[in-house]
There are 2 protein chains.
Amino acid sequence: MAQRQVAFPQVDCAECPIRHRAVCARCESDELEHLEAIKYYRNYEAGQTIVWAGDKMDFVASVVHGVAALTQTMEDGRRQMVGLLLPSDFLGRPNRDRASYDVTATTDLQLCCFRRAPFQELLSNTPHVAQRLLEMTLDELDAAREWMLLLGRKTAREKIASFLSIIARRDATINPKTRSGELAFDLPLTREAMADYLGLTLETVSRQMSSLKKDGVIVLEGKRHIVIPDFDALLSETGDDSDGGVY
Amino acid sequence: MAQRQVAFPQVDCAECPIRHRAVCARCESDELEHLEAIKYYRNYEAGQTIVWAGDKMDFVASVVHGVAALTQTMEDGRRQMVGLLLPSDFLGRPNRDRASYDVTATTDLQLCCFRRAPFQELLSNTPHVAQRLLEMTLDELDAAREWMLLLGRKTAREKIASFLSIIARRDATINPKTRSGELAFDLPLTREAMADYLGLTLETVSRQMSSLKKDGVIVLEGKRHIVIPDFDALLSETGDDSDGGVY
DNA sequence: GTTTGTCCTTGATCTGGATCAAGCGAGCCC
DNA sequence: GGGCTCGCTTGATCCAGATCAAGGACAAAC
């Protein structure tokens with residue numbers, strides 16, 4: 001219908017993955033107002049905490065740039081990461097105004113936020129948004145179940161290889177291929193955060209990284225930059241079914 | 001509107017948790033047709049497989065009686081349970097016609113099934129059903145994250161205690177209290193299935209059960225019947241935050 | 001340039017849970 | 001009844017990963 005003038009500049013929208021990948025599939029076309037009108041951005045530095053478990057959270061959000069982690073902590077300090085949010089992933093739960101987990105930025109991070117109340121209203125009034133969110137939540141549940149297999153049954157080496165292949169795959173879809181064929185990326189997590197992801201100690205993470213490097217499965221440039229000379233070789237270390245499987 | 005005669009006898013609906021707890025919150029009142037018209041029942045014996053990962057699955061379902069488990073298996077036989085479905089839990093994924101996991105009945109089981117196509121149509125046409133399903137999926141995701149903490153960071157004893165408290169809690173809501181105050185239930189899983197749930201071996205499960213029994217935290221009557229003399233004592237073994245926490 | 005702090009690596013030792021192995025008790029089939 | 005199988009328990013030993021401990025590399029702060 002009557003297209004709203006330039007109230008919502010194109011460039012702004014293009015940056016926000018909510019529009020094209022995350023919550024609102026329909027927004028790929030032309031009706032942006034219902035999301036545009038309630039959104040705003042927030043930036044965080046690497047290491048910063050976004051909310052603590054139990055804190056009031058008056059917004060939901062979509063990750064634009066960077067990486068955020070959800071972690072749980074036991075009284076005695078044992079920590080387990082339970083969610084890793086990359087660009088286009090969704091943060092927060094409709095109908096719950098308190099965070100269930102600690103949320104921290106593991107790299108510099110930009111969130112595209114939506115105030116809770118209008119977002120929930122949008123959710124009730126716009127069936128295709130609710131359906132898209134259901135689809136995303138089901139994908140996250142599948143990822144969580146893959147993660148449970150990793151935590152419960154894989155060896156330290158398999159855990160590392162699995163983690164690297166997950167990051168490599170996600171990174172490839174976020175950053176359209178940099179070089180010709182070669183698979184390379186920066187780790188968005190410290191060794192300690194990787195340990196929290198994998199249910200290991202940071203020493204074991206470091207040792208297994210060294211071992212994979214020694215065996216030529218990965219090439220380490222500095223501490224964080226990873227090159228994968230042969231992705232299939234990495235996959236064969238994960239313990240996963242060789243053929244594509246569910247994915 | 002004109003109420004359909006006795007096509008869907010009241011007693012039948014009352015048995016089906018879909019109606020009052022699971023998918024369709026609105027069905028608590030009076031409009032039942034849209035679910036009633038497409039549902040049917042299936043029964044399985046303890047140990048039976050319902051579908052294998054990768055199999056075609058032409059229905060979604062709600063658990064009426066009994067317990068079902070979702071498990072993943074690696075080529076070398078390592079197994080990890082990734083879902084445990086008790087009465088009122090939902091099985092299957094809209095918009096995906098192949099099972100992602102092995103589904104087995106761990107006790108005798110009754111499912112209330114819905115053929116896929118009409119259920120999906122229902123989902124698009126009935127916003128409150130989609131919203132209810134989103135809510136259920138988010139709860140399942142929370143449970144999966146609790147489970148990840150268990151798998152990644154808890155000791156064998158804490159894992160067993162956590163599992164028992166989870167089952168005790170769920171059982172209490174399913175079977176309105178049997179005796180006065182006393183907390184007692186039957187384990188719906190073999191030691192081996194418990195091991196698959198907890199990322200342990202069956203020997204370790206057995207040893208830790210014996211240890212909790214020796215310490216008076218639980219009373220074992222036969223192999224499967226558990227009595228909890230003091231629920232707080234059990235909780236203190238789980239490693240979880242003592243106050244209610246997220247739940 | 002030195003200091004400080006963060007992140008990471010590597011070595012030595014310890015230990016919780018896995019693995020290997022034996023046997024028990026309660027159905028169930030013949 | 002006798003023999004089987006299945007689910008479970010318990011003992012003995014082993015080992016992957018945790019823990020304890022000591023530096024190294026690098027960047028920022030002074």
Side-chain angles (χ1 to χ4, degrees), chain A residues 45-48 69 74 76-80 104-108 150-164 186-215 218-226 237 239, chain B residues 45-48 69 74 76-80 104 106-107 150-163 186-215 218 220-226 237 239:
Chain A
E45 288 174 17
Q48 231 184 318
M74 299 169 68
D76 62 4
R78 282 176 281 174
R79 284 161 52 87
Q80 176 63 52
T104 51
T106 68
T107 66
D108 288 347
L150 177 150
L151 289 172
R153 296 304 189 190
K154 289 189 176 177
T155 65
R157 173 179 261 245
E158 287 170 341
K159 286 178 174 183
I160 300 286
S162 300
F163 172 75
L164 293 176
D186 283 318
L187 286 175
L189 266 52
T190 65
R191 299 290 187 267
E192 186 177 24
M194 284 176 63
D196 286 342
Y197 185 110
L198 299 168
L200 298 171
T201 58
L202 69 92
E203 293 96 327
T204 298
V205 170
S206 182
R207 270 185 254 274
Q208 295 298 334
M209 293 283 288
S210 300
S211 166
L212 287 172
K213 175 184 172 185
K214 180 172 62 63
D215 297 347
I218 61 174
V219 177
L220 259 169
E221 294 175 354
K223 311 293 188 188
R224 295 290 195 91
H225 191 77
I226 305 281
E237 298 280 352
Chain B
E45 289 173 17
Q48 233 184 316
M74 298 170 68
D76 62 4
R78 281 175 283 173
R79 284 159 52 86
Q80 177 63 51
T104 50
T106 68
T107 65
L150 177 150
L151 288 172
R153 295 305 188 188
K154 288 190 177 179
T155 65
R157 173 180 262 245
E158 287 170 341
K159 286 179 174 182
I160 300 285
S162 300
F163 172 75
D186 283 317
L187 287 175
L189 266 52
T190 64
R191 298 290 187 268
E192 186 177 25
M194 284 176 64
D196 287 342
Y197 184 111
L198 299 169
L200 297 170
T201 58
L202 69 90
E203 293 97 326
T204 298
V205 170
S206 182
R207 270 186 254 275
Q208 295 297 336
M209 293 283 288
S210 300
S211 167
L212 288 173
K213 175 183 170 185
K214 179 171 64 62
D215 296 346
I218 61 173
L220 258 169
E221 294 175 354
K223 311 294 187 186
R224 294 290 194 94
H225 191 76
I226 306 279
E237 297 282 352

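In what follows, every chain begins at residue 1, and chains take the letters A, B, ... in the order their sequences are listed.
Rounded to whole Å, the distance from CE on Met209(A) to C1' on dA25(D) is 16 Å. In this structure, CZ of Arg157(A) is placed 18 Å from P of dC15(D), rounded to the nearest angstrom. If you measure from atom CD1 of Ile226(A) to atom P of dC8(C), you get 11 Å, rounded to the nearest angstrom. Straight-line distance from the CD atom of Glu45(A) to the C1' atom of dA28(D): 14 Å, rounded to whole Å. As rounded to whole Å, 14 Å separates atom C1' of dA16(D) from atom CD1 of Ile160(A). With rounding to whole Å, Lys214(A) atom NZ is found 11 Å from dT10(C) atom P. Rounded to an integer number of Å, the gap from Gln80(A) CD to dA18(D) P is 12 Å. As a whole-Å value, the separation of Glu158(B) CD from dG16(C) C1' is 12 Å.
Residue Arg191(A) places its side chain closer to dT9(C) than to any other of dT9(C), dA12(D), dT19(D). Comparing dG17(D), dT9(D), dG17(C) against the side chain of Gln208(A) picks out dG17(D) as the nearest. For Lys223(A), the side-chain atoms get nearest to dT9(C) when compared with the rest of dT9(C), dT10(C), dT9(D).
For Arg207(A) and dG11(C), a side-chain-to-base donor-acceptor distance below 3.5 Å is present, hydrogens and geometry of angles not being considered.
Residue contacts for Arg224(A): at a heavy-atom cut-off of 4.0 Å it reaches the sugar-phosphate backbone alone, with no base atom in range.
Note that the CZ atom of Arg207(A) and the NZ atom of Lys214(A) stand 13.5 Å from one another [nearest 0.5 Å]. Put simply, CE on Met194(A) and OG1 on Thr106(A) are 12.0 Å apart, with the number rounded to the nearest 0.5 Å. Here the CD1-CG distance, from Ile218(A) to Leu164(A), works out to 5.5 Å after rounding to the nearest 0.5 Å. Here CG of Leu198(A) is found 6.0 Å from CG of Leu150(A). Values are rounded to the nearest 0.5 Å.
Comment: Arg78(B) does not engage Asp196(B) in a salt bridge, judged by the lack of any side-chain N to carboxylate O separation of less than 4.0 angstrom.
Here the side chains of Val205(A) and Lys159(A) are not in contact, with every heavy-atom distance at 4.5 Å or above. Looking at Leu187(A) and Arg191(A), their side chains come closer than 4.5 Å, going by heavy atoms from C-beta outward. Proximity of Asp186(B) to Ile226(B): side-chain heavy atoms (C-beta onward) are nowhere separated by under 4.5 Å. Here the side chains of Thr201(B) and Glu192(B) are not in contact, with every heavy-atom distance at 4.5 Å or above.
Within residues 197-206 of chain A, the residues approaching DNA chain D are Gly199(A), Leu200(A), Thr201(A), Glu203(A), Thr204(A), by heavy-atom distance under 4.0 Å.
Nearest-nucleotide mapping onto DNA chain C: of Leu220(A) and Arg153(A), the residue sitting toward the 5' end is Leu220(A).
Summary of helix geometry: the two end axes of the helix from dG1(C)-dC30(D) to dC30(C)-dG1(D), each defined by five base pairs via their C1' atoms, are inclined to each other by 30° (rounded to 10°).
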